[in-house]
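Beneath this line is the structure, given in structure tokens, with notes to follow.
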Amino acid sequence: MGTTAAASPRGVAPEAVRVTGTIRYWAAAKAEAGTAEEPYEAATLAEALAAVHERHADRPRLLQVLGHCSFLVDGEQVGTRDRAGVLLTEGGTVEVLPPFAGG
């Protein structure tokens, strides 16, 4: 008899491996986060961003800015991909890029 693995509350499959890396904030995101960077421990971009929301719940402007940001994971644009499907790498980097004026 097989069993079906349930997803975690953050949408991460139980077999996904949590890794550590760095989240780097730029421009308005940096100003609202109050830091240029901070560590993450997560398996996916969705999980890392959920942790940012928890850690910075007292910074509603940051959470608002994050809703308008684009993300680079290890130098690759995330674009419209499902963040729960974007796996993070050990020692990797998530760049948080708010919209920039002028293009």
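Every side-chain contact (heavy atoms from CB on, under 4.5 Å) that A27 has, sequence neighbours left out, goes to P98, F100. Scanning for side chain to side chain donor-acceptor pair (under 3.5 Å) contacts around T89 gives D74, with sequence neighbours left out. Not counting sequence neighbours, the partners of T20 by the side-chain contact (heavy atoms from CB on, under 4.5 Å) test are E41, E90.
Between Y40 and I23, the shortest heavy-atom distance links the atoms CD2-CG1, 3.7 Å. When all heavy atoms of Y25 and T35 are compared, the closest pair comes out as CD1-O, 3.7 Å.
Rounding to the nearest 0.5 Å places CD of E95 at 9.5 Å from OG1 of T22.
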Which donor-acceptor pairs under 3.5 Å do the side chains of residues 75-87 make with protein atoms, sequence neighbours left out?
{"from": "R81", "atom 1": "NE", "to": "V78", "atom 2": "O", "distance (Å)": "3.2"}
{"from": "R81", "atom 1": "NH2", "to": "Q77", "atom 2": "O", "distance (Å)": "2.9"}
{"from": "D82", "atom 1": "OD1", "to": "A84", "atom 2": "N", "distance (Å)": "3.1"}

Exercise answer: donor-acceptor pairs, residues 58-68 side-chain atoms, under 3.5 Å, sequence neighbours excluded:
{"from": "R59", "atom 1": "NH1", "to": "E32", "atom 2": "O", "distance (Å)": "2.8"}
{"from": "R61", "atom 1": "NH1", "to": "Q64", "atom 2": "OE1", "distance (Å)": "2.7"}

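Contact of the V96 side chain with the F71 side chain is registered, since non-hydrogen atoms from C-beta on lie closer than 4.5 Å.
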Q: Determine, stepwise, if the pair E47 / L88 fulfils side-chain contact (heavy atoms from CB on, under 4.5 Å).
A: CA-CA 10 Å; E47 186 179 1; L88 301 177; over 6 Å; no
